[in-house]
Asks: 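Below: one structure in structure tokens.
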Amino acid sequence: MLDNIAGPDDSAFTSPAALNDINNWVPHDIVMRDAWFPLAHSAAVGKKPVRRSVYSVPYFLWREDGKAVAASVLPGAGALPETGLTDAAGRYPVMEHYGYVWCWYGNPLAADPLHLPSIPYLPPNGGLPGYLTGTVRFDCAAPVSLENLIDLTHADFLHANVVGDEKSESETVEVFSDSETVTMVRTCIGKSVAPVMKFFSGIRQPTQQVRQVIRIYLRSHAAIAYGRFTPGDDVPLFHPCVPETRDRTRLDYTMNTSNAGLLFRHVMPKASYIVSRQDSSMTSPQSPRYMHESKRRDLHSKFDVAGQRYRLLMKNLVARQAAGDFSYRDNVSADCSDLIGLRKELFRY
Amino acid sequence: MQNQKQTTHSNSASWWAVARSEEVTSKKPLSSDIGNQELVIWRDAAGIARAMEDRCPHRRAPLSRGCVRENGLIQCGYHGWSFDGETGRLREIPNMKSEQRFPPLYKAQSFAVAESGGFVRVCLTPGAEAPAVDAASLPLYGTAHVGLAQEHYLSTFFDDPGMLFGIKGVEFTPYLASDLKAEAGRLVMERNCQWRGLHWPSSFSSEFPISLLSKTDPLTGETELTLRDDALRTLLTAVIAPVPAARGSTAIRWRARLAKTLNGLRAKQLLIGAPFRVFDTIDAAALRRLTPSASVQWQDLRAAIIQTSQASAA
Ligand code: FES
Ligand SMILES: [Fe+2]
């Protein structure tokens, strides 16, 4: 049962115009500039170039003397396309951090490490073992996938066999946002224990306390999904949704369960394969139904506040960019450990 | 709306056979369609067949991926909203507990359903008059899908039914016994047939031992077939319902029954194996060479009937 939904500035999100906006949107049309995208796990980039896309624009990634680089064409290719996204040599700005190769999409002169999202439970220099990482592709628009992630209630329903059903004694949801991020914190007391924890962490109690945080970095289409289970383990997932094309999304995830018990540590990252197929069974048929403006508006319940906020913030950013404003008004790289309630003692980097 | 262009599907009060009765259960929702209109069909707690648009009004997920609850509501598989099939109205959101009352706006699109003769039929036009009730349902049945638009499926039926379905041991000749004509609101014609085997080609045969009588609904194309011998005794009865489906394909749901007594050796051979089947592939090369004949008349008759029905509706 949802006892409380709170947000600091709700009135800005409940005006008639805002409500109209969240009832209807075309996530496929969203193209936002000036953002870092985690295009590959560091381990996936070597001497031989790998190909990625951001909004259909090609990115070729490889290493030169161990340093990751990204270009619009393969090394040695002749003519360079004039995209305005690279330097004169056809190179994109690149940063290697948190075990990812991040590439800049936008004006190369605006690329700044200051705009790299904070992910406090990943080691800044990477190096996590491969079994904590993986790749999943979604047949839907990236914002549809992120909306799915921040959406409260579908997990209890669609993923009940993995994360447990909706039964809990009390539930509180808080939503915070600034111009570049939206954060949802859900606290459940006395929630049915997630089956995956029953089996692989050996939780004997019938219920547990759950604190789940979803934090989306809007421009980078990347999300933190951090769950704290008491009794139980921490599930810190980094969930980027790269909009490779309008209706297809690439997720190179990292689930840093390195502090959990041996079994859970190995099993939980693999749960992504089950969970993502369940999500995909809904987001894949759902996504094309958002490709055009529709007169028919989506219906909402009070459980949708976070998702609604996400839609609205995305639309606000798009509008600002359309008006020529690409600046960051809020700092996405500031350490968000406290905001997400990270058990810092587990993640000292 | 996606299906605006398909005037014959949506503008008329047609009842489309979107499922066979046995396919519709309260165990699992069934996905079906009429042209581009996607449908979900199930049986509620009272065993009544229900149909709604296969689109949840919450986040547009297909309801056919959900489930049917014990109380007969259909539940979306994404966030678990439950809808009442009769009205389409939202009845429950999981976890809402106390406040399970929603404004009337909170509904999915529901459609009228009529079930008889072993078919579940849906009408997309609100307030349409219920269709006539069929006699008992025929015991043999099947469903086939073809990559041919329903309109062309029907025109092929009028010109050469042998490209679309088969009756055991029967050859359809191109020689009609009676022209297509409107009779009691249906389009009726009769085609001469022969038993397969050694005989003069139909062009040189003096007599035809069997014939196929067909009665077609001008709007939906649903057709009742009767195979008779030369004493006009019925050998086989069938109903085929070709319904326009997604991407210009056609779903053909059919039912059939053999007569209780079959006279003659050839007729008795119908008892061995499947007497009737609808093909799910069509020879496209033969199709484009097929000479139009009765179908030309069908187009004219149908246009006249649709025009009259639209005029009376307006
Ligand atoms: S999409 Fe059907 S309940 Fe949410
Ligand atoms: Fe999910």
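Throughout, protein chains are lettered first and strands after them, A, B, ... in sequence-line order, and every chain is numbered starting at 1.
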Asks: Under 4.5 Å heavy-atom distance to chain B, tell me which part of A/Thr283 shows up: side chain, backbone, both or neither.
Replies: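 Looking at A/Thr283, just its side chain touches chain B.
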Asks: Rounded at 0.5 Å granularity, tell me how far CZ in A/Arg296 sits from CD in B/Gln109.
Replies: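 Here the interatomic distance stands at 7.0 Å.
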Asks: Just wondering, are more than 12 heavy atoms of other shown residues or ligands nearer than 6.0 Å to CZ in B/Arg277?
Replies: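 No, because the 6.0 Å sphere around CZ of B/Arg277 holds 12 heavy atoms or fewer from other groups.
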Asks: Would you give the length of the straight line joining atom CD of A/Gln286 to atom CZ of B/Arg55, rounded to the nearest 0.5 angstrom?
Replies: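 Taking CD in A/Gln286 and CZ in B/Arg55, the distance rounds to 10.5 Å.
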Asks: What distance do B/Asn95 atom CG and A/Lys302 atom NZ have between them, rounded to the nearest 0.5 Å?
Replies: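 If we round to the nearest 0.5 Å, B/Asn95:CG and A/Lys302:NZ are 8.5 Å apart.
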Asks: Relative to chain B, which segment of A/Ser294 carries a heavy atom at a distance below 4.5 Å: side chain, backbone, both, or neither?
Replies: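 For A/Ser294, side-chain heavy atoms alone lie under 4.5 Å from chain B.
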Asks: Is the closest side-chain heavy-atom distance between B/Arg59 and A/Val144 below 4.5 Å?
Replies: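 SC-SC contact between B/Arg59 and A/Val144 ruled out.
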Asks: Count the heavy atoms of every other residue, nucleotide or ligand shown that sit under 6.0 Å from NZ of A/Lys270, and state whether that count exceeds 12.
Replies: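 For A/Lys270, atom NZ is crowded (more than 12 foreign heavy atoms under 6.0 Å).
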Asks: What residue, out of A/Leu158, A/Thr153, A/Asp279, has the most heavy-atom pairs lying under 4.5 Å from chain B?
Replies: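 Heavy-atom pairs under 4.5 Å are most numerous for A/Leu158.
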Asks: Taking atom CD of A/Gln205 as the centre, report whether more than 12 heavy atoms of other residues, nucleotides or ligands fall under 6.0 Å from it.
Replies: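 Check passes, neighbour count above 12.
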Asks: Might you confirm whether atom CD of B/Glu23 has over 12 heavy atoms from other residues, nucleotides or ligands at distances under 6.0 Å?
Replies: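 Counting other residues, nucleotides and ligands, CD of B/Glu23 exceeds 12 neighbours.
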Asks: Is the distance between the ring centroids of B/His79 and A/Phe157 less than 6.0 Å?
Replies: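 Centroid separation for B/His79 and A/Phe157: 6.0 Å or greater.
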Asks: Against chain B, work out which of A/Lys295, A/Glu147, A/Gln278 has the most heavy-atom pairs shorter than 4.5 Å and name it.
Replies: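 Highest number of pairs under 4.5 Å: A/Glu147.
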Asks: Counting only heavy atoms from other residues, nucleotides and ligands, does the tally under 6.0 Å from OH of B/Tyr153 exceed 12?
Replies: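 For B/Tyr153, atom OH is crowded (more than 12 foreign heavy atoms under 6.0 Å).
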Asks: Out of B/Ala61, B/Gly80, B/Cys56, which one racks up the most heavy-atom pairs below 4.5 Å with chain A?
Replies: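 That would be B/Gly80.
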Asks: Surrounding CD of B/Glu70 (heavy atoms of other residues, nucleotides or ligands, distance under 6.0 Å), is the total greater than 12?
Replies: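 12 or below, so no.
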Asks: Hey, are the side chains of A/Leu299 and B/Trp81 touching, using non-hydrogen atoms and a 4.5 Å cut-off?
Replies: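 Touching, per the 4.5 Å side-chain cut-off.
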